[in-house]
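Structure record follows, encoded as C-alpha cells.
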Amino acid sequence: MKIDILSLFPDMFTGVFQQSILKKAAESGIVSYQVTDFREFADNKHKRVDDYPYGGGAGMVLMPQPLFDAVAAIKRRSEGNPRVLLMTPQGERFTQKKAEELAKEKHLIIICGHYEGFDERVREHLATDELSIGDYVLTGGELAAMVIVDSVVRLLPGVLGNEESPATDSFSTGLLEHPQYTRPADFRGMKVPDVLLSGNHALIERWRKKESLRRTLERRPDLLENYPLDETEKALLEEIKKETSI
Ligand code: JEB
C-alpha cells in the first residue's frame, strides 16, 4: 500500500513513521509513506494556502488550489485510483470496520488541515471520504491521520506476527478482551485467578469468554447489542447477571 499525506506540518509525522511496527512495515516493503507539504503547490508568490472566508467572519479557510494541485500531482504518479481521505471534525466516525475497508486499498491520500477549515469545494469535489476520529476537537488533522495510518497499516498482511493477529482484536471479535496476567502468580498479595494456573484449557477458555462478556456488559453494553450471542455465550451472560444481582 502507498500512503500519501498532505499537511502543512510534515515534521509532525517523522517520529511516528520511524518507530516500531509502522517502520518495520515500510522496511519490509508492505507500505510506503510520503508526506508532502502542500504549501509547495501554492501558485501565488507568497505561498499562501489560506484566505478570508467569503461573507466575512473569524478565522481563515484553506484555499482549494494548492490541495487540488497537490492531489492531481500525486494521482498522476499513481497506478490506481486512490481514495482521498479528508480529516475533519464533521466527517464520518472512523471505526475498525472503516479501517478494514481502507486496508483493502492500494493507495490512500490523506488530507490534513490545520487551524482553519477547508473550502467546501475540497469536500465536494476532491475528497472521496470525510473522516473524524471521535467527538473531541483537535487543532488539525495530523494526529487524526496518524491514528488512521496506524490502524490501517497494522491490518496489512505480514505486518503483525501470528501471535498478535488482528482477527482476535476486540473490535474485530465484537467483545472487549478478557483480563491478562503474567508472572508472578502472587505479586505483593495480589493473586492471579486459580483457573489460569490449573492447566485445564477448556476451563480457561470458558473463564476467558465469561470475563470478556462481563467486561463488555459492564463497560460497553452498546457492543453487545450487535453481537450474535451463541447458546454458550447466552448461558455465560445469564450466570454473570445472576452473580451481579446478589
Ligand atoms: C480534523 C481540524 C478545527 C473546527 C474545530 C477545529 C483541520 N476528531 C477530530 N477532531 N478534530 C479533528 C478531527 C478529525 N479527524 C480535526 C482536521 C482539522 C480538526 N481542524 C481544527 C476545525 N474545525 C482543522
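Both ligands and their constituent atoms are indexed starting at 1 by order of listing.
- For ligand 1, the atoms closer than 4.0 angstrom to any heavy atom of Gly134 are 8 (N), 9 (C).
- Heavy-atom distances between Ser132 and ligand 1 reach below 4.0 Å in at least one pair.
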Exercise. Can Glu124 and Arg121 be said to form a salt bridge (Lys or Arg N to Asp or Glu O under 4.0 Å), step by step?
Worked result: CA-CA 5 Å; Glu124 284 186 353; Arg121 290 162 289 191; over 6 Å; no
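- Listed by atom number, the atoms of ligand 1 under 4.0 Å from Gly141 heavy atoms are 1 (C), 7 (C), 17 (C), 18 (C).
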For this session: Dump the intermediate steps for side chain to side chain donor-acceptor pair (under 3.5 Å) on Glu142 and His114, then the final yes or no.
Result: CA-CA 8 Å; Glu142 283 78 8; His114 214 94; 2.7 Å; yes
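- What sits closest to atom 17 (C) of ligand 1 on the protein, heavy atoms only, is Met87 O, 3.2 Å.
- Within the structure, the closest approach of Gly117 to ligand 1 does not fall below 4.0 Å when heavy atoms are considered.
- Here Thr139 has backbone heavy atoms under 4.0 Å from ligand 1, and that is the only part of it that gets that close.
- In summary, the atoms of ligand 1 found under 4.0 Å from a heavy atom of Ala144, numbered by their order in the structure, are 14 (C), 15 (N).
- Close contacts between ligand 1 and Leu131 involve ligand atoms 15 (N) [criterion: under 4.0 Å to a heavy atom].
- Between the side chain of Thr244 and the backbone N or O of Ile240, at least one donor-acceptor pair lies under 3.5 Å.
- For ligand 1 and Val137, the ligand atoms under 4.0 Å from any heavy atom of the residue are 5 (C), 6 (C), 10 (N).
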Exercise. Step by step, would you call Arg214 with Glu211 a salt bridge (Lys or Arg N to Asp or Glu O under 4.0 Å)?
Worked result: CA-CA 5 Å; Arg214 190 194 308 280; Glu211 296 313 309; 2.9 Å; yes
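- Between Glu239 and Lys210 there is a salt bridge, with a side-chain nitrogen of the basic residue lying less than 4.0 Å from a carboxylate oxygen of the acidic one.
- Side-chain contact check for Met12 versus Met146: some heavy-atom pair is nearer than 4.5 Å.
- Taking a cut-off of under 4.0 Å to the non-hydrogen atoms of Glu116, the atoms of ligand 1 that pass are 7 (C), 24 (C).
- Within the 3.5 Å criterion, the main-chain N or O of Val84 finds a donor-acceptor partner in the side chain of Thr128.
- Summarising the contacts of atom 20 (N) of ligand 1 with Gly113, Gly140, Ala145, the nearest heavy atom is found in Gly140.
- Using cut-offs of 30° and 60° on the angle between ring planes, the pair Phe17 and Tyr33 is parallel.
- Using a 4.0 Å cut-off between charged nitrogen and carboxylate oxygen, Glu205 and Arg208 count as a salt-bridge pair.
- A salt bridge links Glu231 with Lys234: at least one charged nitrogen is closer than 4.0 Å to a carboxylate oxygen.
- Every atom of ligand 1 is numbered from 1 in the order shown, and the set under 4.0 Å from a heavy atom of Ile133 is 8 (N), 14 (C), 15 (N).
- Of all protein heavy atoms, the one closest to atom 3 (C) of ligand 1 is Leu138 O, 3.9 Å.
- Residue contacts with ligand 1: Tyr136 is placed with a nitrogen or oxygen under 3.5 Å of a nitrogen or oxygen of the ligand (distance criterion only).
- From the protein, the heavy atom lying nearest to atom 4 (C) of ligand 1 is Pro89 CG, 4.0 Å.
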